[in-house]
Amino acid sequence: MNVGFIGLGAMGLPMAKRVIGAGHQLRTTFHRNRAPAEELAALGARVLSTPAEVARESEAVITILPADAELKQAVLGANGVLEGFAAGKVLIEMTTATAFTVREVEAALAGVGGRVLDAPVSGGTPAAANGTLTIIVGGDADLLEQCRPLLESMGKSIPHVGAVGQGKVVKIVNQVLAATHLLAMAEALALGIKCGGDPKVIYEVLKTSSGYSKMMDLRLPGFLFNGAFQPGFKLDLMKKDLNLAVDSAQALAIPLAFGSLAAQIFAAASTAGRGGEDFSAAADFLAGLAGARLDGGRQRSAE
Ligand code: NAD
């Protein structure tokens with residue numbers, strides 16, 4: 001299958017490699033940094049100069065961009081995907097963005113006969129490299145079945161959760177929980193440390209206790225215990241996801257107490273200069289407010 005791939009960042013590059021590895025003909029383009037596109041060219045991808053050209057030469061186009069603004073630019077902007085789209089083509093949209101924007105994109109592409117699958121992902125960069133992502137799909141069931149073999153080159157669990165937009169909704173719910181679990185874990189461990197506890201011993205006990213969260217396995221070893229904050233998933237991207245959640249709650253006039261607090265803490269950590277680090281740096285920042293270090297006091301690797 002001829003597959004276009006737009007957005008070659010921490011997630012997109014390893015995902016695009018999986019698509020090539022599954023035997024598809026990949027077309028891509030570059031944005032500012034040429035290096036990821038050249039890496040794919042060495043594996044047989046064709047590098048074209050605009051998203052419109054990528055769309056023109058592809059049956060399915062995959063996008064995984066930072067957020068709504070970049071998604072709109074790459075699809076609806078000048079030389080965007082829309083200009084190269086036509087009936088029979090499908091956009092598989094994997095950005096963590098708002099339901100509103102993916103529906104706007106769907107309406108525009110439907111105007112030229114194209115179709116859209118809303119397919120944000122969960123699992124992080126290791127799952128992107130191994131092809132074990134969770135791909136949360138909103139869209140027509142028949143289109144999902146048509147695209148399933150391509151999605152299976154990148155993901156293992158591929159739930160269908162409703163119409164276009166519902167994938168984004170489920171993803172944002174996950175992000176609110178991931179961020180609040182991370183921060184609650186940091187605050188509680190900081191208390192334990194200040195009371196003289198050893199965070200590694202506490203973690204071992206929590207693994208089989210009611211306070212356990214998967215976030216502990218994902219971000220204590222390798223990140224917080226090592227004082228290592230190379231992304232991973234950038235702090236500013238999680239800040240963006242929390243702000244999407246807060247905006248949605250405001251639009252619905254409902255409270256989002258923990259999510260709003262998490263958004264404030266991520267904003268403070270970003271202002272403190274940690275936005276480009278892994279999102280677990282927000283936990284390090286919060287523990288630091290209590291004067292506690294989860295890495296036992298070693299220098300941060302990003303310092
Ligand atoms: P990233 O910042 O590493 O990569 C984004 C890529 O998009 C960059 O290569 C950038 O050059 C490119 N880009 C930006 N604007 C563009 C444009 N107009 N046209 C073409 N390319 C453009 O981000 P990431 O970590 O790969 O995340 C991508 C999306 O996936 C985000 O929505 C993020 O929230 C989500 N996500 C990330 C992770 C993770 O662990 N990193 C996990 C799940 C979901």
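Just follow the structure's listing: the first ligand is 1, and inside any ligand the first atom is 1.
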Open item on the list: Within 45 degrees of the ring normal and closer than 6.0 Å to the centroid, is that where the cationic atom of Lys200 sits relative to Phe225?
Closed with: yes
TODO: Report yes or no: is the cationic atom of Arg27 (NZ for Lys, CZ for Arg) closer than 6.0 Å to the six-membered ring centre of Phe5, at no more than 45° off its axis?
DONE: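 The answer is no, since Arg27 fails at least one limit relative to Phe5.
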Task: Lys240: partners by salt bridge (Lys or Arg N to Asp or Glu O under 4.0 Å), with sequence neighbours left out - done: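 Counting only residues at least two positions away or on another chain, Lys240 forms no salt bridge (Lys or Arg N to Asp or Glu O under 4.0 Å).
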Open item on the list: Taking transitive links into account, so neighbours of neighbours count too, which hydrophobic residues share a cluster with Leu252 at under 4.5 Å side-chain distance?
Closed with: Ile254
TODO: Decide whether Leu91 and Met94 are clustered together by the hydrophobic rule: side chain heavy atoms of Ile, Leu, Val, Met, Phe, Trp, Tyr closer than 4.5 Å, transitively.
DONE: no
Task: Protein residues having a heavy atom less than 4.0 Å from any atom of ligand 1 - done: Ile6, Gly7, Leu8, Gly9, Ala10, Met11, His31, Ile64, Leu65, Pro66, Glu70, Gln73, Thr95, Thr96, Val121, Gly124, Thr125, Lys171, Gly232, Phe233, Lys234, Leu237, Lys240, Asp241
Task: Results of side-chain hydrogen bond (donor to acceptor under 3.5 Å, both in side chains) for Lys207 - residues two or more places apart only - done: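 side-chain hydrogen bond (donor to acceptor under 3.5 Å, both in side chains) list for Lys207, sorted by chain: Glu204.
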